[in-house]
Amino acid sequence: MQSSAQSQSQSYEGCSGQSLSREAEAEASPQSCGASPWRPWRFPETDFPEGPASKCCEAFAEDGYDLHLFKHRCTPESDVNDWEGDSLQGSPNPSEVEQLLGKSRISSDLPQWISRQLHLEKSHVAGAVRLFNEGSTLPFIARYRKEQTGSMKEEDLRRVEREMSRVKDLEKKRGRVALALNRGKHLNPSLVESLLQAETVEGIEGLWAPFKAKRQTRAQKAKEQGLEPLAKILEVAAKEPGGVEEEAAEAAQQFVSPEVPDVQSALRAARDILAEQLAHRADLRQLARQALESKVLCRARRKPGADEEERFKTYWSYEAPLKQVKPHQFLAIQRGEASKCLTMDFLVAPEEAKQLCETLVETFLQSSVKAAPTPLRVGTLAASSAHLARANQRRPNAYRAQLSLAMTDSWQRLLLPSLQREWRRRLKERAEDEAFDTFRKNLKKKLMSPPLRLHPRWTEENAEMPAAIIGMDPGFRTGCKCALISLTGQVLATKTIFPHPPSSAVAPADPPAARADVEELLAQGLTAPRREEEAPQKKRRLEKEVRELVICSLGNGTASRETESWLRRQFAQHEGIGYVIVDEAGASVYSASPLASKEMPSMDVSMRGAVSIARRLLDPLAELVKIDPRSIGVGLYQHDVDQKRLAEATVPAHEHVAGLNASLSRSILQYREEHGGFSDRQELLKIKGFGPKSFQQSAGFLRIFGGKEPLDALPIHPESYAVAKSLRSRVQVLATSELAAEFGIGFETLSDICSALENAADGELLDPRRQEPSLRIKMPGSTLQAATAGTSSAIDAQEAGITAAQLQLGLRLTGVVRNVVAFGAFIDIGVGCDGLLHISNYPKAALSVNDQVEVRVLSLERRQERGKEKWRIGLTMK
């Protein structure tokens, strides 16, 4: 940047050839600026002839400049960034923003905007928005405020809540930009209107871009060299008749200086200024977006010499239109980029780019919208005005050619990279939404796995009763960790056994000793203390009508197959043991977590994993909510998305209740420890910090069994107790609109109350987990099926001891769905690695996590990954 002394030492020539000396400038711009940091500096009075020069003057005036009244900065040079824009950090004051701008197009009718974006009924959205704004939680709205939302589904309510969050962030961005523009004295009616109409972050950022503080650009450097007037001349002259190559060169000649050595340098610098102005034009950016929306291609390529393990082979030569890129494809490419195996960019065909640049130039020349004003250094504009007047009657070829060059440079250097970032951001946003939805659906199904008490084996009248559970975390080098727990989850005993060769430095393999240790745990389990039993159950047990069992919960990780085989061999004749294969994903992560340390402070970290595996069989919901969401093993690239947002999906069980947070949850537990069990729901109001709002949101989800109010055990909200009691006194109730009107409630609420009362006789029916598939309980002495290809019945590969290397094409296997994603499902078929059941290879009926399926081996591919043998197994249900 030129120093203040250098700029003051220059002479400025007007169109009439008059000059202003340093002394005259000092007189026009005194040292003291008073209250304002800006002071006027006047050109000598000059009459400009008609022609491009006069048009140039008019253009400056339209952009907010007076040709005879330029503003000269008299604050230190380091303050230049303040002119260009303030920081956008922090949250704006909503009242200050509204006073400055008014209501935006979106916030003036938020339900209308959301309903248009999500294609939902406006009246339903309006009810949901109102309830969310009042502080109601999504579960409370979905269950107890159906009339106000038109019985909107939970998924749609979540979409509305997500859109409200985005609008909130958008309004914050709008407010920060408005306040920053106002502080910089840039806010004018045109910008205010544009800000209020903007509906995207990109649109707001486009309005802010010309003013925000940034590192020095080529355009800024050109302005410091005094070439902004030349850029304005090129712009205005391109719109008017006149100007050939020689005249354009003559115009640039006026700006040659020691810093600008020749005409070409001057023109190049002026084009840099024009290029930046063109890139900042909101109308041109929007035109480019619309023109390229259906033409741009997303491309991924393999980096030379990378991905030798072929993890991302599918995307080595990937190309697809932007709109056709699926969320899982983008996340896979993004992971490949992070692994330095892939590169991703966006392609625009050269002919499309050329045509677009021509269109943008035409739009720029014909549009009456002017580029946003930027600070103009005092230069030699007046000196070039006479030259422009002489070029008045010539064709604009040269000037327009300069504008076209500037547009091409703007496209390649500024506009295209900006659009590429925007396209990537849009793909990422859409992909993460899909990833979170996938994770949420899979997690819900996993958490809804039925507890052991709801297993069909135990709910039948004469079924065997489990006495205890042994959690087994299998392993080779460090042995198998075993933890015996009661049916209340209490840890009774722990042992480490070594049933498998090879021996290790920890301890040698000792199958007989391992068997003895397990038998000791079985004996302890059969004598374990029991929870309170119903009289018939206790009578049958005491009369030995029912054979007692201890269930082994066997993790499906390393050495699982070998441990199952050992159990089957060693306990084939033992009638007191059964076992279940349990998904152990996340057990090791949980065992080292602060929560596990708090629950089991004196237990070894490695043994905590066995306890977790045992409790996952006892009550999956209570145990899995403790696990880090990334480690549960469900979802779509959950390690690569926003972890803060992902963590919101899983918190400790009591914090999952609508209306409760960690503090209130601790208060409830503390109150129960001090005062015993709750007698009714109203007692919750005695807890410190538990106010009416918290009670309203959470009471319907907190059940009290055996209290003085039977309705407290049902999913009926206390606000509807009067209606429920009235209905309960009637012999038979059928929910009708007339009956709902009689009680003054909605039909949906009445239907829910009637359903709850109907099922009240059997409390287990109210547990939705009863409807979910249960895990298969195996007995060591059961007969194995023949493992042969082409057999008509599916076999259990793990139970049969089949490895991945022994699989044959066409072999029918049983499996459990572990994860469901957009392109298919991953099936645990018991060979140590999951197989992929592509979406094209199973019926239209949707699969869910924990579903038990029969599949056929479709393809096998052996490969090396990180020095280990891996298998890609393709499956089909057809």
Rounded distance (nearest 0.5 Å) linking atom [atom1] of [X] with atom [atom2] of [Y]:
X      : Y      : atom1 : atom2 : result
Leu419 : Leu415 : CG    : CG    : 4.5 Å
Gln324 : Cys298 : CD    : SG    : 11.5 Å
Arg421 : Glu202 : CZ    : CD    : 11.0 Å
Gln290 : Glu293 : CD    : CD    : 9.0 Å
Lys354 : Thr359 : NZ    : OG1   : 12.0 Å
Gln697 : Ile141 : CD    : CD1   : 7.5 Å

Looking at every heavy atom in both [X] and [Y], which two are closest together, and how far apart are they?
X      : Y      : value
Ala238 : Leu403 : CB-CD2, 4.2 Å
Gly226 : Pro229 : O-CD, 3.5 Å
Ser151 : Glu748 : OG-CG, 3.0 Å
Leu230 : Leu267 : CD2-N, 4.4 Å
Ala822 : Glu434 : CB-OE2, 4.1 Å
Arg413 : Ala275 : NH2-CB, 3.8 Å

Is there side-chain contact between [X] and [Y], with at least one heavy-atom pair below 4.5 Å?
X      : Y      : result
Leu120 : Ile114 : no
Gln696 : Phe140 : yes
Leu187 : Leu100 : yes
Gln277 : Glu228 : yes
Leu405 : Asp409 : no
Leu297 : Pro321 : yes
Leu416 : Val348 : yes
Val160 : Val129 : yes

Derivation of the side chain to side chain contact (heavy atoms under 4.5 Å, CB included) call for Leu179 and Asn182: CA-CA 5 Å; Leu179 293 175; Asn182 190 52; 5.6 Å; no
Who passes side-chain contact (heavy atoms from CB on, under 4.5 Å) against Glu98, sequence neighbours left out? Lys103
Could you give me the CA-CA distance, side-chain angles and deciding distance for Leu427 and Gln334, then say whether side chain to side chain contact (heavy atoms under 4.5 Å, CB included) is met? CA-CA 11 Å; Leu427 286 176; Gln334 183 177 253; over 6 Å; no
Just do the side chain to side chain contact (heavy atoms under 4.5 Å, CB included) check on Leu287 and Asp283 with the steps written out, would you? CA-CA 6 Å; Leu287 180 60; Asp283 57 334; over 6 Å; no
So, does [X] use its side chain to make a donor-acceptor pair with the main chain of [Y] at under 3.5 Å?
X      : Y      : answer
Glu154 : Ala142 : no
Ser136 : Phe132 : no
Gln220 : Thr217 : yes
Gln148 : Gly127 : no

Are Phe255 and Gln225 close enough, and set up right, to give a side chain to side chain contact (heavy atoms under 4.5 Å, CB included), and what steps lead you there? CA-CA 9 Å; Phe255 295 85; Gln225 295 170 346; over 6 Å; no
Can you tell me if [X] has over 12 outside heavy atoms packed within less than 6.0 Å of its [atom1]?
X      : atom1 : answer
Lys153 : NZ    : no
Lys441 : NZ    : no
Glu358 : CD    : yes
Gln99  : CD    : no

List the steps and the verdict of salt bridge (charged side-chain N to carboxylate O under 4.0 Å, His left out) for Asp437 and Arg440. CA-CA 5 Å; Asp437 289 341; Arg440 188 177 289 108; 3.2 Å; yes
Donor + acceptor pair across side chains of Ser418, Arg285 (<3.5 Å): yes
If you apply the rule salt bridge (charged side-chain N to carboxylate O under 4.0 Å, His left out), what do you find for Arg159 with Asp156, and how did you get there? CA-CA 5 Å; Arg159 291 168 63 203; Asp156 290 335; 3.1 Å; yes
Is Glu199 salt-bridged to Arg116, cutoff N-O under 4.0 Å? yes
Run the salt bridge (charged side-chain N to carboxylate O under 4.0 Å, His left out) check on Lys232 and Glu235 step by step: do they pass? CA-CA 5 Å; Lys232 196 66 181 182; Glu235 174 190 342; 3.7 Å; yes
For Arg174 and Glu171, what are the C-alpha separation, side-chain angles and deciding distance, and is it a salt bridge (charged side-chain N to carboxylate O under 4.0 Å, His left out)? CA-CA 5 Å; Arg174 193 192 317 274; Glu171 294 301 326; 3.0 Å; yes
